[in-house]
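Read the structure below first, then the notes.
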Amino acid sequence: MPAAVGMVAGITLDGQFDVGLRAIAILGAAAVVVILAPPLRRTILPVLLAAAALGAAMHHRSFRTIDVNHIVNHVPADPVLADVRGEVISEPSGSRTEHFFSGWMHRSDSTRFLLRAIEIQAPGGAIPVSGTVMVYVNREIDALPVGATVSILGRLYRPTPPANPGQFDYQEWLARRGVRVGLSCRNPDLVTVESDGGGVRSFRERIRRWSRRMLIDPTLSAVDESTLLETLVLGRRRSVDREIEQRFTRTGTTHFLAVSGAHVGIVAGAAWLIGGWLFGSRRSAAILAAATIIYYAFIVDARPPVVRASIIGLTLCVAVMLRRAPSTFNMLSLAAIVLLCMQPTAVFDVGFQLSFAGTFGIAYLYRPFMTVIAETINRRTPSTENYDDPVPYVSPPRAMLHRIVTTIVQWTVVGLVAWAATAPIVGFHFGRIALLGFPFSLLLTPLFVLTVLVGFAALVAGSISPAFSIVAQPIARFTAGLLLDAVALLDSNSPQLHGFLALSLALVASLFVFHSGFSMRRCLSRIVQSNPDSVPLFPPLGTPKLRHWLALVVGIAVCLGISFAGKASTEELRVTHLAVGSGTAAVIEFPNGQTWLYDCGTNRSFDVGASAIVPFCRTRGSDRLDRVIISHANTDHFSGFFSVADALPVAEIVVNGWFDAFAYRGGASWALLDESRRRNIPVQIWNEPFTQNVGQVELEFLHPAASQSKPPSANDASTVLRLSTWGHSILFTGDVEYSGIETLLRTKRIASSVLVLPHHGGAERNIARLVESVAPTVCICSTSRRADKLPRITQAAIKNRTLFSTADDGAVTVVISPTALTIEGYASHRSTLIPRED
């Protein structure tokens, strides 16, 4: 255990602070000094220091050191057209993003896979290169086997860091997997297969395709059952239908869809029982279980939970073969060390953290929980034990019932402690946990285990003889159908209960305090018993158990109090225009603590709500939205609404009086209002211009008026707002075009310090007149085009004014305080300060 802990500490240290080779050498020297010091030689300190130095060195070599001939050294800052030759090292998979409005947005099927670069074609000849490239092809590719050598013509680029606060860092995620370059290919005809290749990867892929044929009959119509079997047994989660995946997610049982240690344990356990029944020997059972683990790990994805469970299972089997007593913590340590040697950056992978936290929690928390349950039962059950009396007779049915109840309690406790150990990690990475995920998992576990067992049995039966699969496949599909029906039943009958609990950092800390304190109870009691003469740090307060629980309750209460304290009022108006491409998403934080959202969409197919808006709101401590304003009836201004509403409670949605006129039945705008009312989200309609105060901020609704003639387009019917406070103001113009701008020019109060350019900086003939009338100091453009790529008429209208573009600057934050107006770009770190003019 010390070696594994030291390696994790060293990798984490270098991953967070880039300690450098000199610090790693000092750490290794310190380990040598400690080994030579007699008082410390027999402690765990030298092992910890040496392992930490080794872990930091491995992480530095794999993550921070780039070879001279790496392909990233041939890619400039801007994308470049290149012809890359390499070997396909991962199975091509479809890249999809599904959300409520996906059906109304332009989407193209795409394929992605990893390519081990071999050379780049240049005018002077081929240049040998190394490194891994993430390839995106803007179409589906049917036949592209793993191990094939291909030549691809596309645009090479370097992945960019996140453009919004709180957004997932895809660049770092790729870099931790050894990928520092991307290759975008728009036409699959530009992918040329030179040879099918060979080697271990190709052989493994052929085995996986053969296993899929043995498990699934593609000629049958039971698509959902077949894809679920493929996901549960073979780990091909990308093949499962989106609606099925959403049902598992809403019920908090999505972990069933990811092949993990549980799948390996189920298959290995079944092999162990069968081996013991057939051969009558534990050693023979261990041999069969080990062979099964190796085969199963070979045909599924080598994810950290699978590798961890496989190493632990094989170690256990070897211990049985050698007649040695296995140690749970030693097996965990061995699995961690092997994984970290294979991929040091796995420490930062959520799968690695959840896998080891869940297993460690079961090994460390199970016994204390069972002890508490036994003590509670013993206190409430009067003792009638008399050793002089004969053992009372227990009937077989009663004994069987007792065994069943005991098994249920034990598995319930196992699930509970695993949930308690992993809940803080889930909350930290995803910001929420399913309220009924644990009880629903317990209810579905028998069907899940049955489906995995029957599916794997069908796979084995088909490998023995194809005739057996004729009988085994229908049974496997039947069990998968039962699991699907059970999930659908839980999802449909408890929609008001299976919501999610949003977790702040303080609430995550409270969960850590809870299960850490509970697990340390036995260790603390042992320390006190071994040192009876020690002086307590605090005066006596009841029994030791009472003091322990009292401290635990106080710690949780403090964390929860911080968590639910709410967002404090501030002396500033903060408006953040998130970088969402060609679309708009502006988060408005008022001085009185309210949070509004002006639009929440993009014209791209990705889920802007889940990927950008919700993470940003969580970084700002916003646990609800008091108002969401949808400027007009175009999808690029509300495509992420329901993803936001699923994560953050929305008090009301606001549209203007002309929204319905452009929301035709069956369209995305109509679906927005219909689904909002179905979810009981109030819809407020602003018909005429008005002024209201939100705390210290004056809000003016300037356009459009329902009493005016119908605007010529949905864009010209955009909601125009002006926020003013402390001598400065910001004007939101939505997507108003020529007609809408002309209406605004007739409005008296449009002068503002900051102007959000209409229609993402589009070329309107009267844009110059609008800019002159508003007379802003700073202009903001929410677009996917860089500032130098904006239309010339727009660039001429801005003239010498400061321009912030979300394409160049990332998220643009405007802060109006009593003393000044500050504007800052998140990605560019460019800022402008405008003092208040009295």
Q) Would Val135 and Val84 count as a side chain to side chain contact (heavy atoms under 4.5 Å, CB included) if you check the C-alpha gap in whole Å, the side-chain angles of each, and the deciding distance to 0.1 Å? A) CA-CA 10 Å; Val135 181; Val84 182; over 6 Å; no
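- When the side-chain hydrogen bond (donor to acceptor under 3.5 Å, both in side chains) test is applied to Ser310, no partner is found at least two apart in sequence or on another chain.
- Contacts classified as salt bridge (charged side-chain N to carboxylate O under 4.0 Å, His left out) and involving residues 151-168 (residues at least two apart or in different chains) are not found.
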Q | Verdict with reasoning, Val267 to Phe456, per side chain to side chain contact (heavy atoms under 4.5 Å, CB included) | A | CA-CA 7 Å; Val267 173; Phe456 189 75; 3.5 Å; yes
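- Under a cut-off of 6.0 angstrom, the local environment of CZ in Arg282 is sparse, with at most 12 non-hydrogen atoms contributed by other residues, nucleotides or ligands.
- Here salt bridge (charged side-chain N to carboxylate O under 4.0 Å, His left out) pairs that include residues 256-269, with residues two or more places apart or in two chains, number zero.
- Side-chain contact check for Ser151 versus Asp83: some heavy-atom pair is nearer than 4.5 Å.
- Under the 4.5 Å side-chain criterion, counting only non-hydrogen atoms from C-beta, Phe168 is not in contact with Pro615.
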Q: Let me see the working for Phe356 and Leu339 under side chain to side chain contact (heavy atoms under 4.5 Å, CB included), right down to the final yes or no.
A: CA-CA 11 Å; Phe356 280 91; Leu339 263 174; 3.7 Å; yes
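- The shortest side-chain heavy-atom distance between Pro165 and Tyr826 falls under the 4.5 Å cut-off.
- Considering every non-hydrogen atom in both Leu156 and Ala82, the closest pair reads CD1-CB, 3.6 Å.
- Residues Ile266 and Phe448 approach most closely at CD1-CE2, 3.6 Å, considering heavy atoms.
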Would you be so kind as to tabulate the donor-acceptor pairs closer than 3.5 Å made by side chains of residues 2-15, with sequence neighbours excluded?
residue	atom	partner	partner atom	Å
Thr12	OG1	Val8	O	2.7
Asp14	OD1	Val19	N	3.4
Asp14	OD2	His59	ND1	2.6
Asp14	OD2	Arg64	NE	3.3

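- Contact check for Phe298 versus Ile294: no side-chain heavy atoms found under the 4.5 Å cut-off.
- For the salt bridge (charged side-chain N to carboxylate O under 4.0 Å, His left out) condition, no pair includes a residue of residues 327-337, sequence neighbours left out.
- Looking only at side-chain heavy atoms (C-beta outward), Leu114 and Met134 come within less than 4.5 Å of each other.
- The two atoms that bring Ala271 and Ala289 nearest to each other are CB-CA, 4.0 Å, heavy atoms only.
- Distance CD1/Ile71 to CZ/Arg116: 12.0 Å, rounded to 0.5 Å.
- Scored by the salt bridge (charged side-chain N to carboxylate O under 4.0 Å, His left out) test, Arg176 finds Glu172 as partners (sequence neighbours excluded).
- Remark: Arg283 pairs with no residue by the salt bridge (charged side-chain N to carboxylate O under 4.0 Å, His left out) rule, at least two apart or across chains.
- Note that CD of Gln121 is 10.5 Å distant from CG of Leu153, once rounded to the nearest 0.5 Å.
- In this structure, the side chains of Val181 and Leu174 stay at 4.5 Å or more apart for every pair of heavy atoms.
- Partners of Thr345 by side-chain hydrogen bond (donor to acceptor under 3.5 Å, both in side chains), not counting sequence neighbours, listed by chain and number: Gln343.
- Within the structure, side chain to side chain donor-acceptor pair (under 3.5 Å) contacts touching residues 67-82 (residues at least two apart or in different chains) are Asn69-Ser130.
- Scored by the side-chain hydrogen bond (donor to acceptor under 3.5 Å, both in side chains) test, Thr192 finds no partners at all (sequence neighbours excluded).
- Within the structure, salt bridge (charged side-chain N to carboxylate O under 4.0 Å, His left out) pairs that include any residue of residues 418-429 do not occur (at least two apart or interchain).
- Residues Trp272 and Val320 have side chains in contact (heavy-atom distance under 4.5 Å, counting atoms from C-beta outward).
- In this pair, Trp173 and Tyr170 present their aromatic rings parallel. The plane angle is below 30°, not in the 30 to 60° band.
- To the nearest 0.5 Å, atoms OG1 (Thr359) and CG (Leu332) are separated by 5.5 Å.
- Evaluation of the side-chain hydrogen bond (donor to acceptor under 3.5 Å, both in side chains) rule for Thr132 yields no partner, not counting sequence neighbours.
- Using a 4.5 Å heavy-atom cutoff, the side chains of Arg308 and Val338 are not in contact.
- Note: Thr160 OG1 to Asp169 CG = 9.0 Å, rounded to the nearest 0.5 Å.
- In this structure, OG on Ser184 lies 10.5 Å from CG on Leu81, to the nearest 0.5 angstrom.
- The distance from the CD1 atom of Ile311 to the CG atom of Leu316 is 13.5 Å, given to the nearest 0.5 Å.
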